[in-house]
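Take a look at the structure set out below.
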2 protein chains.
Amino acid sequence: MAEIKIPKATAKRLPIYYRYLNILHDAEKNRVSSTELSEAVKVDSATIRRDFSYFGALGKRGYGYDVDTLLKFFKKILNQDKLTNVALIGVGNLGNALLNFNFHQNSNVRISAAFDIRPDLANTVQSGVPIYPMSELRKQLEDQQIKIVILTVPESVAQNVTDDAVAGGVVGILNFTPLRVSVPTNVRVQNVDLTNELQTLIYFLDHYNDNEEN
Amino acid sequence: MAEIKIPKATAKRLPIYYRYLNILHDAEKNRVSSTELSEAVKVDSATIRRDFSYFGALGKRGYGYDVDTLLKFFKKILNQDKLTNVALIGVGNLGNALLNFNFHQNSNVRISAAFDIRPDLANTVQSGVPIYPMSELRKQLEDQQIKIVILTVPESVAQNVTDDAVAGGVVGILNFTPLRVSVPTNVRVQNVDLTNELQTLIYFLDHYNDNEEN
DNA sequence: CTCGTTTTGTGAAATAATTTTCAATAAAAA
DNA sequence: TTTTTATTGAAAATTATTTCACAAAACGAG
Ligand SMILES: NC(=O)c1ccc[n+]([C@@H]2O[C@H](COP(=O)([O-])OP(=O)(O)OC[C@H]3O[C@@H](n4cnc5c(N)ncnc54)[C@H](O)[C@@H]3O)[C@@H](O)[C@H]2O)c1
Ligand SMILES: NC(=O)c1ccc[n+]([C@@H]2O[C@H](COP(=O)([O-])OP(=O)(O)OC[C@H]3O[C@@H](n4cnc5c(N)ncnc54)[C@H](O)[C@@H]3O)[C@@H](O)[C@H]2O)c1
């Protein structure tokens, strides 16, 4: 499936570029230089050109990049033209915030099902998303062909819930729990560890006096 | 301040190690090998040994690492022995979830003040944290000597709010908005871009069939 | 106290990511 | 048309990070 093999660091920046290109498009700008982009997304301009060049020559020398061309290209690359349904497991504190937010705006992602163990939540609808009991996890994931889940359950049950989700065919997990869950090699886990982010920030502030983004 | 200059990649892993060491401690385990740690935190054992070695010889050959020694050491390194107060700006959807969570458990971080522009929130207390009106932002940050803020306001006002916070003496920002805010070089921004994380996950699933953590 | 075993710590090699540099070229100005 | 300016694309240099692989140290069994 990977026609083009690009560095991970580049892949992580693509959505950032994509988002800013949309802003430019909305502002009816039709060209942009790597320098200009650089200031907006806070990535070195050389890095941007390098990143773009993995996909071939997208720009014109002495001119810059055509916003619409880039946009169309990234839309395809990032699968922005098809909607991806994801499920959320654990409708608590954080789960609710995410449900409510639901990535709506110009995003291609939508939480289309949620799950929780609390009986009073089962079979209700929160922010337009149906909440199912955990007993239906596997069935619903399979029926709805959901391949990605957002994990916002307590750490103590994270591994069990993960195992269930994987059994239901999930291949991508956005993990908000501090636990580094174990998964088969074909499953990808993206950890979002908020406590960790804060502690890292504090560490950097205490130990470095200079600064660079990230 | 930076007695030891360690790689950024290492610094980002320290809180992860620290957390697992606490778990070991609670389970009354008093030794751990890099291999064992490796499985738990999903970091290559050679990387772990290398990471630890930046701080000197913390382990014993043929034995492993003493959990309590490591724990004490990391506690100091990570400033876990003193409480860090942070402020949260934007008590909405996500802000509320974070307030409510408030990093309580064995963390050294606490949200001690929150700010929002909504008049009905001003001067109330949410989850034990006082909420101030934005007009008091600078004064409170200065009075309470808060150097770090969590930014959960709408993207459209993120830059303005950031400028205010920086004017109030803030040097670290945990930024949940999709905007890459501009700050003076002495201020560090840690971006947590949830939409981005999801899109990156989707990208990886679409374009790579193999898997590695992160 | 000796010996086999475990496991660290670390040079060196490999890999990954960023930054620098600059020739090539397009667009704009003269 | 010619010159100037802007800007890419790509190679090279640099910097950062991970991994390998093994000697040396320390453990623990006997
Ligand atoms: N809230 C935050 O700001 C925050 C910040 C950092 C990390 N986290 C992490 O995110 C996770 C969720 O945090 P939270 O504050 O939303 O917790 P929470 O307790 O508010 O929510 C957890 C939800 O999961 C549900 N649940 C429990 N067991 C379950 C199971 N076996 N199957 C399905 N659902 C189950 C609970 O009913 C609850 O609704 C935790 O792991 C936490 O460490 C949260
Ligand atoms: N909620 C999520 O799950 C989620 C996910 C990804 C990203 N985000 C980002 O996090 C940010 C907050 O999201 P949210 O869903 O909590 O939004 P929200 O609208 O629920 O909350 C924003 C809060 O900020 C306050 N606010 C507005 N202008 C302000 C100002 N000038 N000064 C101080 N406070 C102000 C509002 O009164 C509100 O309480 C947004 O930038 C959003 O893109 C949120």
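Computation of the quantities below employed the complete heavy-atom set of this structure, encompassing side-chain atoms and omitting hydrogens, waters and symmetry-equivalent molecules. Throughout, a chain's letter reflects where its sequence line sits, starting with A, and its residues are numbered from 1. Given the structure is predicted, the values throughout are model-derived calculations rather than measurements.
Within the 3.5 Å criterion, the main-chain N or O of V43(A) finds a donor-acceptor partner in the side chain of S38(A). With hydrogens and angles ignored, the 3.5 Å screen pairs a side-chain donor or acceptor of S33(B) with a backbone N or O of E36(B). The backbone N or O of I77(A) sits less than 3.5 Å from a side-chain atom of H207(B), completing a donor-acceptor pair.
When ring centroids are compared, F115(B) and Y132(B) come within the 6.0 Å threshold. In summary, the aromatic rings of F74(B) and Y20(B) are positioned with their centroids too far apart to meet the 6.0 Å limit.
Look at CZ on F52(B): it is 10 Å from P on dT8(C), rounded to the nearest Å. The CZ-P distance, from R49(A) to dA23(C), rounds to 15 Å in whole Å. The distance from atom CG of D66(A) to atom P of dA27(C) is 11 Å, rounded to the nearest whole Å. Taking atom CG on D44(B) and atom C1' on dG9(C), their separation rounds to 14 Å, with Å as the unit. In this structure, CG of D51(A) is placed 16 Å from P of dA16(C), rounded to the nearest angstrom. I48(A) places its CD1 atom 13 Å from the C1' atom of dT18(C), with the value rounded to the nearest Å.
The residue A46(A) sits close to a base: some heavy atom pair falls under 4.0 Å.
Results of the side-chain hydrogen bond (donor to acceptor under 3.5 Å, both in side chains) test with Q140(A) over Q144(A), R138(A), E142(A) single out Q144(A) as the only residue that passes.
Ionic pairing of R180(B) and D193(B) is present here: one or more N-O contacts between side-chain nitrogen and carboxylate oxygen are shorter than 4.0 angstrom.
Residues forming a salt bridge (Lys or Arg N to Asp or Glu O under 4.0 Å) with D51(A) (at least two apart in sequence, or on another chain): R13(A).
Comparing the end axes of the helix from dC1(C)-dG30(D) to dA30(C)-dT1(D), each fitted to five base pairs by superposing C1' atoms of four pairs onto the next four, gives an inter-axis angle of 20° (nearest 10 degrees).
Taking side-chain N and O atoms only, T47(A) has no distance below 4.0 Å to OP1 or OP2 of dA17(C).
Considering only heavy atoms from C-beta on, F176(B) stays 4.5 Å or farther from L151(B) through its side chain. Side-chain contact between T162(B) and I173(B): present, with at least one pair of heavy atoms (C-beta onward) separated by less than 4.5 Å.
Side-chain polar atoms of R50(B) and Y54(B) form no donor-acceptor pair below 3.5 angstrom.
Residues from residues 31-40 of chain A placing a heavy atom under 4.0 Å of any atom in DNA chain C, listed by number, are R31(A).
From the 5' end on, the contacts that DNA chain D makes with chain B at under 4.0 Å to a non-hydrogen atom open and close at dT17(D) to dG28(D).
Place R61(A) and T10(A) on DNA chain C by their nearest nucleotides, and T10(A) ends up nearer the 5' end.
In this structure, R31(A) is not positioned above the aromatic face of Y65(A) in the sense of NZ or CZ being under 6.0 Å from the six-membered ring centre and within 45° of the axis.
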N/O donor to acceptor pairs below 3.5 angstrom from side-chain atoms of residues 81-94 of chain A, sequence neighbours left out:
{"from": "K82(A)", "atom 1": "NZ", "to": "N79(A)", "atom 2": "OD1", "distance (Å)": "3.1"}
{"from": "N85(A)", "atom 1": "OD1", "to": "R110(A)", "atom 2": "NE", "distance (Å)": "3.1"}
{"from": "N85(A)", "atom 1": "OD1", "to": "R110(A)", "atom 2": "NH2", "distance (Å)": "2.9"}
{"from": "N93(A)", "atom 1": "ND2", "to": "N100(B)", "atom 2": "OD1", "distance (Å)": "3.1"}

Inset, instruction - Carefully, step by step, assess R19(A) and E155(B) under the rule salt bridge (charged side-chain N to carboxylate O under 4.0 Å, His left out). - result: CA-CA 12 Å; R19(A) 184 154 48 221; E155(B) 176 174 10; 5.6 Å; no
Between the protein and nucleotides 12-14 of chain C, list every N/O to N/O distance that falls short of 3.5 Å.
{"from": "dA12(C)", "atom 1": "N6", "to": "R50(B)", "atom 2": "NH2", "distance (Å)": "2.8"}

